[in-house]
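This report concerns only the one structure given below.
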Number of protein chains: 2
Amino acid sequence: MPCRVVQAIAAPVVLRQRRARLREAALTEIRSIARRLLVKEGSAAVTINAVAREMGVSGPALYRYYSSQRELIDALTSDFFRELIAAMRAAADHPAADTPGRRLLAISRALRSWANSHPAEFAWLFASRVPTSRIAQCSPDENNSGRAFCQVFLDQVVEIWETQRFPLPSLEDMDPSLAVQLHAYSEKIDGLLPPEAAYIFLTCWTRLYGLLCMEVLNQISFAYSDLEPVYEECLQELCRLLDIPYEPPRQAVDLAAE
Amino acid sequence: MPCRVVQAIAAPVVLRQRRARLREAALTEIRSIARRLLVKEGSAAVTINAVAREMGVSGPALYRYYSSQRELIDALTSDFFRELIAAMRAAADHPAADTPGRRLLAISRALRSWANSHPAEFAWLFASRVPTSRIAQCSPDENNSGRAFCQVFLDQVVEIWETQRFPLPSLEDMDPSLAVQLHAYSEKIDGLLPPEAAYIFLTCWTRLYGLLCMEVLNQISFAYSDLEPVYEECLQELCRLLDIPYEPPRQAVDLAAE
DNA sequence: AACAATAGTTAGACCTACTAACAAGCATCG
DNA sequence: CGATGCTTGTTAGTAGGTCTAACTATTGTT
């Protein structure tokens, strides 16, 4: 009899969770298949129908999980962003990254490393930004993902700034419009960096990310076959800007161990 | 009778040209409609059927002109490349651009100016590089367009190098792999620049183009609303690298006059 | 056991690219 | 001038895509 009561109370909860669990599993399986299709056959192969076929289920069934292809694509995009951010955070949390400067280098290398080991996914992140239609241009969600993504980098620059400072350019020498924008951005990040330091941060980010953009979009392949040393030169330059010591990357063996 | 003879000989030529002219007109009309669709409704709207509808002609008729959508897209891409390169060349040919340094600045500004006045087209040029499917990744034609495009910039750096020289980094301080790649690239451009100078050129190009990449792909909009002064700061940096005097851009009024 | 929510099905509307077969027009040749 | 052949258009149809509607079966709750 007590057993019966337990069932009557507990079973519904368990079963409700079971449904939720199954649903969750289906959602992740869909994304996982979509990702496999992207990697194996390119972004054009990521279609609702192809995923359904691969799942052994018929087309419209997927609409129970993602109500449109756009939604699936956005979910995939945000997966990749999360994974990339996690990889960068993991690099920063590595015990060998015991100073803000080392963390910054580790994060930067983790960024490129993820980009190179997941070229399809990284290119996908760009494709999500390039406006395919006028309306979907400024989706606020993607903008947030993008900011969260560069936030990891920003955090380290803030810490470097707070603990050690670095040389600043003078706002007076700049174009007034640039100064205004830097003030606005400094406010946007809650004054964590003064406008001049924000400029240095943005310069660093732009250099690094711009280089990566060109690499992943095949815009520089006519000159460089391997961008790793170029990237390292860029990191040296960043270290000069941020007044932190440059340290060459650890051996691949060490990196694999983490 | 002579008139008849003239007709008999001349008419076929004229008529053959007429056909070719009509065909040419149809080809350009197709591309023009496709471009209008791109600008107005985004890249996804550039479909064979949509263009045909817009032309008042039924679908498969277009296949007489472009045998596949890919071909039309490639033609459009190469149009944009040509137009952009022409804009850069025109800036270099302007009478006010009377030194290699001024030409370089003019070209750089023309590049960004075109990118900003034709955002859809410029983004399209990137999309053409991002691999949608594994196979079409390394189309040699696109690579050539890309190189021809940065060639305009390279030409000016070569001229600056030949006439005035600029300070060079030492190859010995670089990663050996980087030195090897620079040697290879120096040979690829027929030794117009020694490896060290090629590095400076590539650094300049990367900075400039990387910034533009980020702008057009909305990767930096979270911080800057107007990239013009940032771009100008970047140009100042390039001038320092190339040891040429920086000159601020002429007024918009002057620019409109050219 | 009855009811409701969930997850699947098929049919179909409406796109897309692209091919095949056919009809009309235009240029050329006898 | 008339016949021939190339060029350009047409329609019909295949195959695939997104997505909706209507229906069924399973599952969870009452």
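What you see below is based on every heavy atom in this structure, not just the backbone, and it leaves out hydrogens, waters and symmetry mates. These numbers come from a predicted model, not from an experiment.
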Side chains of B:Trp114 and B:Glu121: do they bring a donor and an acceptor to under 3.5 Å? no
side-chain contact (heavy atoms from CB on, under 4.5 Å) partners for B:Thr28, two or more places apart: B:Glu24, B:Arg31
Does B:Asp155 have any side-chain contact (heavy atoms from CB on, under 4.5 Å) partners at least two apart in sequence or in another chain, and if so, which? B:Gln151
Tell me the interatomic distance from B:Glu24, atom CD, to D:dT8, atom P, rounded to whole angstroms. 12 Å
For B:Ile30, give me all partners under side-chain contact (heavy atoms from CB on, under 4.5 Å), at least two apart in sequence or on another chain. B:Val51, B:Met55, B:Leu62, B:Tyr65, B:Tyr66, B:Leu72
Quickly work out the A:Arg21 CZ to C:dA7 P distance and round it to whole Å. 14 Å
Within this structure, what is the CG-to-P distance between A:Leu62 and D:dG17, rounded to whole angstrom? 12 Å
Expressed as a whole number of angstroms, how long is the span from B:Arg18:CZ to D:dT8:C1'? 12 Å
For each nucleotide in nucleotides 16-25 of chain C, reading 5' to 3', give B when a protein heavy atom comes within less than 4.0 Å of its base, S when such contact involves only the sugar-phosphate, and - otherwise. SSBB-B----
Could you pull out all residues at least two apart from A:Ser67 that satisfy side chain to side chain donor-acceptor pair (under 3.5 Å)? A:Glu71
Using whole Å, report how far CZ of B:Arg23 lies from P of C:dA27. 15 Å
Figure out the OH/P separation between A:Tyr65 and D:dC19, and round it to whole Å. 18 Å
With sequence neighbours left out, what residues match A:Glu187 under side-chain contact (heavy atoms from CB on, under 4.5 Å)? none
